[in-house]
Amino acid sequence: MTSAQPSAALAPRPPSGGPWRILVVDDEPDLVEVVCGAVRYEQWSALGVSTGAAAVCAAADWRPHAVVLDVMLPDLDGVEVMRRIHAEQPDIRVLFLTARDAVEDRVAGITAGGDDYVTKPFALSEVIARLHGLLRRAGAAAVPAAAEAAAPLPPHALVVGDLVLDDQAREVTRGGVPVELSPTEFALLRYLMEHPRQVLSKAQILEEVWSYDFGGDAHVVELYISYLRKKLHDGRPPVIHTVRGMGYVLRAAAS
């Protein structure tokens, strides 16, 4: 792979006004890290995972605009991953990564609903150029729907299901209804939303939110988790769950 350079023909910003969200799926951690880095260099958001199952979950929670998807994954075939993602979100664009040389294998991915493919080894600049093309088409297709939207998401919002956190405005809504949080509650929720479907230990939360190492103060985390649950749940499906003996995880509520 060669290094990426900023693209001249930039894809338009998505109708929400925020950055394009790109999910990168490959079982090679170094490749995921490099591709995510190139994506972020374009001032887009990137999330990397290493299995098909994780990709399906991440797509449901994070709702990416495009997926860079390896055909050969350790658990699910890339085409099957795409089918599962498209069953819920048919508008997500898919760029396949494949080491296969046979033309019929590459054609099969496109025939099944993929948008484009790049053969390994590849140049990062080629991946980014292909993504720009996919996102330009995605942006054009979304314009009519965006025109009908009542209120676009804030540019820097974190979104998990019906939960939206606007870091710049320091505002949180659930299902469009404002949720009043204290500064510590806000910081805790932001950390959870930055890592959807990831189990976070009390030690991790203490270090990131309170900025000190775990030292027997787990009750502080428990207390603030209970505050968040009271405000966010309030008769609605839960989004913050306890994983016994491990910590807490935030997941989009089942619809």
Side-chain angles (χ1 to χ4, degrees), residues 1-7 11 14 19-139 141 160 194-199 251-252:
M1 293 179 291
T2 61
S3 60
Q5 297 295 326
S7 302
W20 292 106
R21 296 186 297 276
I22 313 299
L23 178 63
V24 181
V25 188
D26 197 287
D27 60 350
E28 299 179 40
D30 290 344
L31 187 148
V32 170
E33 182 178 355
V34 169
V35 174
C36 283
V39 167
R40 295 184 183 112
Y41 189 61
E42 298 296 309
Q43 298 184 4
W44 302 335
S45 293
L47 176 64
V49 298
S50 59
T51 67
V56 173
C57 292
D61 284 344
W62 198 52
R63 305 188 72 82
H65 299 98
V67 182
V68 179
L69 178 60
D70 189 16
V71 173
M72 299 295 291
L73 293 168
D75 53 346
L76 298 173
D77 183 271
V79 174
E80 177 60 22
V81 172
M82 179 189 65
R83 288 187 178 124
R84 296 188 187 189
I85 290 174
H86 276 173
E88 300 296 328
Q89 300 172 76
D91 294 331
I92 290 180
R93 306 289 169 156
V94 176
L95 173 65
F96 278 117
L97 302 179
T98 176
R100 298 178 178 177
D101 295 327
V103 173
E104 57 267 28
D105 288 332
R106 299 197 293 271
V107 171
I110 303 301
T111 303
D115 298 283
D116 205 346
Y117 70 87
V118 174
T119 304
K120 297 179 180 178
F122 52 80
L124 285 174
S125 57
E126 181 181 6
V127 172
I128 295 301
R130 299 293 182 92
L131 282 173
H132 271 289
L134 297 185
L135 296 176
R136 279 195 296 271
R137 296 199 290 274
V160 178
E194 286 172 343
H195 302 83
R197 298 191 67 87
Q198 179 179 334
V199 178
R251 293 193 296 264

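Values below: every heavy atom of this structure, side chains too, minus hydrogens, waters and symmetry copies.
Side-chain N or O atoms of Asp26 include none that pairs as donor or acceptor with a backbone N or O of Val32 at under 3.5 Å. Side-chain atoms of Arg21 come within 3.5 Å of backbone N or O of Trp62 as a donor-acceptor pair. Between the Gln89 side chain and the Ala59 main chain, a donor and an acceptor come within less than 3.5 Å of each other.
Contact detail for Ala58 and Leu23: the closest heavy-atom pair is CB-CD1, 3.9 Å. The shortest non-hydrogen separation linking Leu131 to Trp44 is CB-CZ3, 3.9 Å. In this structure, Gly52 and Val81 approach most closely via the heavy-atom pair CA-CG2, 3.5 Å. The two residues Ala54 and Val49 have their closest heavy-atom pair at CB-CB, 3.9 Å. Of all non-hydrogen atoms in Asp61 and Ala252, the two that sit nearest each other are OD1-CB, 3.6 Å. Heavy atoms only, all atoms of each residue included: Leu135 and His65 are closest at CD2-CB, 4.1 Å.
Trp20 contributes atom CH2, which lies 10.0 Å from atom CG of Leu134 (distance to the nearest 0.5 angstrom). Atom CD of residue Glu28 and atom CG of residue Asp70 lie 7.0 Å apart, to the nearest 0.5 angstrom. With rounding to the nearest 0.5 angstrom, the CZ atom of Arg93 is 8.5 Å from the NE2 atom of His86. Remark: Asp115 CG to Arg130 CZ distance equals 12.0 Å, nearest 0.5 Å.
Under the 4.5 Å side-chain criterion, counting only non-hydrogen atoms from C-beta, Arg84 is in contact with Leu76. Contact of the Ile85 side chain with the Val94 side chain is not registered, since no non-hydrogen atoms from C-beta on lie closer than 4.5 Å. In this structure the side chain of Ile22 never reaches within 4.5 angstrom of the side chain of Glu42, judged on heavy atoms.
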Would you please test Thr51 and Leu73 for side chain to side chain contact (heavy atoms under 4.5 Å, CB included) and show each step?
CA-CA 6 Å; Thr51 67; Leu73 293 168; over 6 Å; no
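Put simply, the residue from Val56, Leu97, Leu47, Leu69 that forms a side-chain contact (heavy atoms from CB on, under 4.5 Å) with Val25 is Leu69.
More than 12 non-hydrogen atoms from other residues, nucleotides or ligands lie less than 6.0 angstrom from CD of Glu80. The local environment of CD in Glu126 is crowded, with over 12 non-hydrogen atoms from other residues, nucleotides or ligands closer than 6.0 Å.
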